[in-house]
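Here's the structure we're looking at; comments come further down.
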Amino acid sequence: MKKLKLFILLACLVMFYACSTETAPDNESPEIYPEYKDSSDSQRTESDREKNIKKKTVYLTFDDGPTSATTDILDTLHQYNAKATFFMLEPSMRERPEVVDEIVEEGHAVGLHGVTHNISHFYKSEQSALEEMTTAQETLQRITGIQSYLIRTPYGSVPYLTTSYREVLDSRGFKLWDWNIDSSDWSLSNDQYVDKVISQIEKLVNEEVTPVILIHDKQNTADHLPALLTYLSEHGFQTKKIEENTQPYNFNCYQRCHRISTTE
């Protein structure tokens with residue numbers, strides 16, 4: 001009888017020990033596999049963070065090209081994976097057709113800036129303005145096969161592009177673009193234009209306005225373009241080219257517009 005009781009007691013102890021051993025991994029699993037749990041949480045956090053980053057659009061626009069500096073500008077844009085829009089003069093396109101082709105091949109937008117860049121000639125009449133843009137359009141199409149309707153008039157649309165001019169250009173499908181950031185790179189030396197652009201960008205962003213930056217196709221601008229693109233990249237901006245269907249930005253006359261003849 002004593003042997004039977006001892007046997008039963010031993011059997012119970014064995015069963016109790018076995019049950020305790022089986023439940024231990026579940027209780028200890030958070031401590032056994034902490035790296036797996038933390039890694040998963042970290043990955044989800046990083047993924048959520050990336051999704052919450054919203055790129056801000058900015059349009060870089062280059063006037064008066066192509067020039068001897070255009071290739072340097074294109075190289076820098078390529079380096080930063082940036083896109084831009086080039087408003088080009090007709091004689092310059094004829095002089096450097098291979099550069100015009102390169103602009104297109106690099107995936108940038110091409111627009112028209114007229115022929116003479118002369119106020120007295122371009123704004124002489126509605127017809128003279130239309131003829132300059134049509135001539136530039138035809139030259140661009142001969143070189144690239146692209147029929148662009150993106151235009152920027154010399155020195156901007158205010159004050160000489162009156163309602164009648166705008167209506168004539170609009171009737172031919174042209175889409176007028178001005179700017180809301182003037183780099184003044186035509187008058188500033190060294191890298192001063194970069195600081196001026198940055199200060200204007202920060203103001204527009206606070207007002208939730210998309211920057212349209214006027215820059216000129218010239219060597220000093222090209223030399224310091226990396227500084228501007230570095231700022232844009234580090235502050236979450238995405239440079240985009242202007243498409244034919246992009247809503248244009250135009251100056252408002254506010255009763256300032258008048259025909260060139262009234263000032264002569």
Side-chain angles (χ1 to χ4, degrees), residues 59-122 128-156 169 172-179 182-191 193-194 197 212-229 239-244 246:
Y59 294 107
L60 296 172
T61 64
F62 291 87
D63 282 11
D64 299 349
T67 69
S68 58
T70 308
T71 299
D72 288 343
I73 291 173
L74 292 174
D75 289 344
T76 301
L77 292 172
H78 180 79
Q79 178 183 350
Y80 285 82
N81 194 30
K83 297 302 178 186
T85 301
F86 291 79
F87 290 100
M88 298 178 288
L89 291 167
E90 193 270 346
S92 299
M93 288 191 283
R94 285 191 286 106
E95 183 179 351
R96 292 183 169 88
E98 71 285 351
V99 179
V100 179
D101 280 330
E102 185 178 359
I103 292 172
V104 173
E105 290 169 2
E106 289 290 325
H108 304 291
V110 285
L112 316 169
H113 200 36
V115 179
T116 64
H117 209 283
N118 181 290
I119 290 177
S120 297
H121 189 281
F122 184 91
S128 62
L130 178 61
E131 287 178 355
E132 286 210 17
M133 289 305 181
T134 301
T135 297
Q137 184 186 56
E138 292 172 350
T139 296
L140 176 62
Q141 188 170 11
R142 282 198 303 271
I143 295 172
T144 66
I146 296 174
Q147 188 176 34
S148 176
Y149 287 89
L150 305 175
I151 65 171
R152 173 170 288 162
T153 58
Y155 304 102
L169 291 170
R172 294 293 294 271
F174 289 114
K175 298 175 181 178
L176 177 67
W177 277 86
D178 288 306
W179 58 87
D182 185 353
S183 68
S184 297
D185 59 345
W186 56 273
S187 63
L188 297 176
S189 60
N190 300 321
D191 61 349
Y193 84 89
V194 176
V197 169
V212 181
I213 306 172
L214 168 63
I215 311 178
H216 291 86
D217 195 327
K218 55 195 293 289
Q219 193 58 53
N220 185 67
T221 298
D223 291 342
H224 301 286
L225 185 59
L228 176 57
L229 294 179
T239 57
K240 292 185 178 181
K241 65 180 182 180
I242 295 173
E243 306 282 0
E244 293 284 346
T246 305

Side chain of [X], backbone of [Y]: donor and acceptor closer than 3.5 Å?
{"X": "His113", "Y": "Arg152", "result": "yes"}
{"X": "Glu90", "Y": "Thr139", "result": "no"}
{"X": "His108", "Y": "Ala84", "result": "yes"}
{"X": "Ser183", "Y": "Val197", "result": "no"}
{"X": "Asp191", "Y": "Val194", "result": "no"}
{"X": "Lys218", "Y": "Asp185", "result": "yes"}

Can you name the closest pair of heavy atoms from [X] and [Y] and give their distance?
{"X": "Pro226", "Y": "Thr76", "result": "CG-CG2, 3.8 Å"}
{"X": "Leu89", "Y": "Val115", "result": "CD2-O, 4.2 Å"}
{"X": "Ala136", "Y": "Gly114", "result": "CB-O, 3.9 Å"}
{"X": "Val99", "Y": "Pro66", "result": "CG1-CB, 3.8 Å"}
{"X": "Asp72", "Y": "Ala222", "result": "CB-CB, 4.2 Å"}
{"X": "Ile73", "Y": "Phe86", "result": "CG2-CZ, 4.1 Å"}

Checking Tyr155 against His117 for the side-chain contact (heavy atoms from CB on, under 4.5 Å) test, could you report, in this order, the C-alpha distance in whole Å, the side-chain angles of both residues, the deciding distance, and whether it holds? CA-CA 8 Å; Tyr155 304 102; His117 209 283; 3.5 Å; yes
Should we count NZ of Lys240 as having more than 12 external heavy atoms under 6.0 Å?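 Counting other residues, nucleotides and ligands, NZ of Lys240 stays at 12 neighbours or fewer.
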Any chance NE2 of His224 has more than 12 other-residue heavy atoms, nucleotides or ligands included, within less than 6.0 Å?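 Counting neighbours around NE2 of His224, more than 12 heavy atoms of other residues, nucleotides or ligands fall under 6.0 Å, so yes.
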Would a 4.5 Å heavy-atom cut-off, applied to side chains only, mark [X] and [Y] as touching?
{"X": "Leu74", "Y": "His78", "value": "no"}
{"X": "Lys241", "Y": "Glu243", "value": "yes"}
{"X": "Thr70", "Y": "Arg96", "value": "no"}
{"X": "Ile151", "Y": "Trp177", "value": "no"}
{"X": "Phe122", "Y": "Met133", "value": "yes"}
{"X": "Leu169", "Y": "Leu176", "value": "no"}
{"X": "Leu140", "Y": "Val100", "value": "yes"}
{"X": "Glu244", "Y": "Ser148", "value": "yes"}

Asp63, Leu228, Thr61 screened by side chain to side chain contact (heavy atoms under 4.5 Å, CB included) with Ile215, the one that passes: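 Result: among Asp63, Leu228, Thr61, Leu228 is the only option passing the side chain to side chain contact (heavy atoms under 4.5 Å, CB included) with Ile215.
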Do you know which of Leu214, Leu229, Thr85, Ile242 makes side chain to side chain contact (heavy atoms under 4.5 Å, CB included) with Leu60?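 With Leu60 as partner, side chain to side chain contact (heavy atoms under 4.5 Å, CB included) holds for just one option, Leu229.
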For the [atom1] atom of [X] and the [atom2] atom of [Y], what is their distance to the nearest 0.5 Å?
{"X": "Asp64", "Y": "Asp217", "atom1": "CG", "atom2": "CG", "value": "8.0 Å"}
{"X": "Arg142", "Y": "Gln147", "atom1": "CZ", "atom2": "CD", "value": "12.5 Å"}
{"X": "Glu105", "Y": "Glu98", "atom1": "CD", "atom2": "CD", "value": "11.0 Å"}
{"X": "Asp223", "Y": "Asn190", "atom1": "CG", "atom2": "CG", "value": "9.5 Å"}

Verdict with supporting geometry, Ile213 and Trp179, side-chain contact (heavy atoms from CB on, under 4.5 Å): CA-CA 6 Å; Ile213 306 172; Trp179 58 87; over 6 Å; no
What verdict does the side-chain hydrogen bond (donor to acceptor under 3.5 Å, both in side chains) test give for Gln219 and Ser68, after you've listed the backbone C-alpha separation in whole Å, the side-chain angles of each residue and the deciding distance to 0.1 Å? CA-CA 8 Å; Gln219 193 58 53; Ser68 58; 5.0 Å; no
Please work out which of the three classes, parallel, tilted or perpendicular, describes the rings of Tyr149 and Phe174, given edges at 30° and 60°.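 Rings of Phe174 and Tyr149: tilted, 30 to 60°.
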side-chain contact (heavy atoms from CB on, under 4.5 Å) assessment of Asp101 paired with Ile143: CA-CA 7 Å; Asp101 280 330; Ile143 295 172; 3.7 Å; yes
